[in-house]
Engineer: 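Mind having a look at this structure? Questions to follow.
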Amino acid sequence: MAGEVVAPGDPRIVLEGQWGYQPGLAITVNSGSRISFTFNGTAAQALFDVGGLETPPHLWVSVDEAEPELHVVDQPVIELTAEKAGPHKVEIVVKDVNEHVNRWNPPFGCAVVFAGLVLDSGTRLRLSGRPSGPRLEFYGDSITQGVRALSAHLESEGVDGSKSYAYLTARALGASAYQVGFGSQGIIKAGNGEVPPGTESFGWNFAGSPAERVEQPDVVVLNLGVNDETLSAAQYGGYLSLVRAQYEAAEIVALSPFNGKHASEIEAAVKAVTAAGDPKIRYVGTDGWITEADCTDAVHPSVDGHAKIAAHLTEELSKLLPSRK
C-alpha cells in the first residue's frame, strides 16, 4: 500500500550535479549527476517522467552500496526494495543522457526527468547530511561526459559518466561536483543534441533554465577546445571571462586538451588573464597524462585512461584544496 509521496525538491533527497526544476520535477541532461536518499522500511519507488522521450537515459542504481544495477529508463517507476526494515541508503547515478538526440530544448529527446518518490505505508525517509567536502565544477565535452569510456559503441552502451575523470576526481577528493559534458561541443562550436557552444551554454542547465548555485564552487575545471576547428587565445579568454563573471572567488583551472590541440592558445589566454590581475586562473598542461593506447578509439579515454587522468588531476587540485592534502 502506498504511503507518502515525496517531491524531488524535498530536503531529504540530495541532488548532486546540474539540475533544473519545473513544478514537481527535477531535470538533468548531464551524465554523472546523482540522486541519493536514505529510507527506513523495506520498499520505495523512484518516479520518472518518460513521456515524449525518443531515447531512454541510462541510470546506475545501488542500495546499501551494493554493486550498481543498470536501469534503462523507459518506464516511469524503478522499484527499490530491501529485505530488512532499514535504514537503507540509495544512490542513483546518471550513467548517460544520450548525446545524439535533443537534450537542450524542451521537450527533450533524452533527459532524466525525476518526479520524486513514493514510499510504502511503513517506509519513511531520513534527513541525510548534505555533502560537506569541497565543491567542484567541471565543464567539458564528450570526454567529460564519459563517451566511449566503456567501449567504442556510439550510443549510451559505450558511455558511463561515473567512469569519467571528472566523476572519479570528485570522489577521490571527497567533493560534491557539477559534471557538465556535452559531446562534440567546443568553446565556439555547438555540441550534439542541439547544445549550443560553450560560450552560450555556460550558466544554463538547458534552454530556459538558468543554472543557480546556492554556494560558490571552490574550483572550476575547464576542458574544452578539442572540438573547435580553430580557436584563438582571445576566444578562449572570452570564455574565461564568462566563467569568472559567474564565480568571482573560485579557482579556475584550464586544462589543455588531452591530445594537445590548441594548448598554446589556451595557455596564452590564461597568461593574458593572470597578467591582467587575476591570479586564481591556472593553466594545467596535460601532455603525457594518457596516450592513444589509453583510449577506446584513439581519442576518447577508456576506463583505465580516465583513471589515469583522474590521478593526475586529483594531484593538481589537491594543491588548491589544502584541507585535502
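Note that these values count all heavy atoms, side chains included, but never hydrogens, waters or copies made by symmetry. Here the structure is a predicted model, which is why all the values come from computation and not from measurement.
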Engineer: Does one side chain, of Asp160 or Trp60, offer a donor that lies under 3.5 Å from an acceptor on the other?
Structural biologist: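 Checked: Asp160/Trp60 side chains pair up, N/O donor to acceptor below 3.5 Å.
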Engineer: Centroid separation under 6.0 Å, is that true for the rings of Phe48 and Phe114?
Structural biologist: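 Yes; Phe48 has its ring centre under 6.0 Å from that of Phe114.
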Engineer: What's the spacing between His88 NE2 and Asp64 CG if we round to 0.5 Å?
Structural biologist: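 These two atoms lie 5.5 Å from each other.
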Engineer: Asn223 and Pro257: which non-hydrogen atoms are nearest, and at how many Å?
Structural biologist: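 That closest heavy-atom pairing would be OD1-CA, 4.0 Å.
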Engineer: Just wondering, do Phe39 and Arg12 contact through their side chains at under 4.5 Å, heavy atoms?
Structural biologist: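 No. Closest side-chain heavy atoms not under 4.5 Å.
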Engineer: Taking all non-hydrogen atoms of both residues, which atom of Pro301 and which atom of Ile309 are closest, and how far apart?
Structural biologist: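 In terms of heavy atoms, the two residues are closest at CG-CD1, 3.8 Å.
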Engineer: Under 4.5 Å between any side-chain heavy atoms of Leu317 and Asp218, yes or no?
Structural biologist: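 No; the side chains remain at least 4.5 Å from each other.
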Engineer: Between Ile266 and Leu224, is there a shared hydrophobic cluster once you connect ILVMFWY residues whose side-chain heavy atoms come closer than 4.5 Å?
Structural biologist: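 Ile266 clusters together with Leu224.
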Engineer: Can you name the residues that form a salt bridge (charged side-chain N to carboxylate O under 4.0 Å, His left out) with Asp74, not counting sequence neighbours?
Structural biologist: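 Checked Asp74 against salt bridge (charged side-chain N to carboxylate O under 4.0 Å, His left out); zero matches.
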Engineer: Counting distance only, does the side-chain N/O of Ser209 pair as donor-acceptor with the main-chain N or O of Phe206 below 3.5 Å?
Structural biologist: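 Side chain of Ser209 to backbone of Phe206: no pair is present.
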Engineer: Please determine whether a side-chain nitrogen of the Lys or Arg among Glu229 and Lys189 lies less than 4.0 Å from a carboxylate oxygen of the Asp or Glu.
Structural biologist: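 Answer for the salt bridge query: no.
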Engineer: Inspect the surroundings of CD in Glu69 and state if more than 12 heavy atoms from other residues, nucleotides or ligands are less than 6.0 Å away.
Structural biologist: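 Open: at most 12 neighbouring heavy atoms sit under 6.0 Å from CD of Glu69.
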Engineer: Would you give the length of the straight line joining atom CD of Gln179 to atom CG of Leu168, rounded to the nearest 0.5 angstrom?
Structural biologist: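 Atom-to-atom, Gln179:CD and Leu168:CG are 8.5 Å apart.
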Engineer: Measuring centre to centre across the rings, with the benzene-like ring taken for any Trp, is Tyr239 within less than 6.0 Å of Tyr139?
Structural biologist: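 Ring centres of Tyr139 and Tyr239 not closer than 6.0 Å.
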Engineer: Any pair with a residue in residues 31-57 that passes salt bridge (charged side-chain N to carboxylate O under 4.0 Å, His left out), sequence neighbours left out, goes on the list, sorted by first then second residue, please.
Structural biologist: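 For residues 31-57, and leaving out neighbouring residues, the salt bridge (charged side-chain N to carboxylate O under 4.0 Å, His left out) pairs sorted by first residue read Glu16-Arg34, Arg34-Glu91.
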Engineer: Would you name the heavy atoms of Cys110 and Val29 that are closest together and state the gap between them?
Structural biologist: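 Looks like O-CG1, 4.5 Å.
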Engineer: List for me each residue that meets salt bridge (charged side-chain N to carboxylate O under 4.0 Å, His left out) alongside Asp297, sequence neighbours excluded, and say none if there are none.
Structural biologist: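 Salt bridge (charged side-chain N to carboxylate O under 4.0 Å, His left out) check on Asp297 returns Arg148.
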Engineer: If you look at every heavy atom in Thr314 and Ala172, which pair is closest and at what distance?
Structural biologist: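 Where Thr314 meets Ala172 most closely, the heavy atoms are OG1-CB, 3.8 Å.
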Engineer: Report, as yes or no, whether the 6.0 Å neighbourhood of atom CD on Glu79 holds more than 12 heavy atoms from other residues, nucleotides or ligands.
Structural biologist: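 Yes, because the 6.0 Å sphere around CD of Glu79 holds more than 12 heavy atoms from other groups.
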Engineer: Decide whether a cation-pi geometry holds between Arg213 and Tyr247; the criteria are a distance under 6.0 Å from NZ or CZ to the six-membered ring centre and an angle within 45° of the ring axis.
Structural biologist: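 Arg213 over Tyr247 ring: no.
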Engineer: Between Lys261 and Gly225 (side chain of the first, backbone of the second, donor and acceptor by atom type, cut-off under 3.5 Å), is there such a pair?
Structural biologist: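 Such a contact is absent between Lys261 side chain and Gly225 backbone.
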Engineer: Is there side-chain contact between Lys95 and Leu70, with heavy atoms separated by less than 4.5 Å?
Structural biologist: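 The answer is yes; the side chains approach within 4.5 Å.
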Engineer: May I ask you to check whether over 12 heavy atoms, not counting those of Lys280, lie within 6.0 Å of atom NZ?
Structural biologist: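 Above 12, so yes.
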Engineer: Do His300 and Ser142 have a side chain donor and acceptor closer than 3.5 Å?
Structural biologist: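 Distance-only check passes for His300 and Ser142.
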Engineer: Return the minimal non-hydrogen interatomic distance between Gln18 and Thr28, and the atom names on each side.
Structural biologist: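 Heavy-atom minimum between the residues: O-OG1, 2.9 Å.
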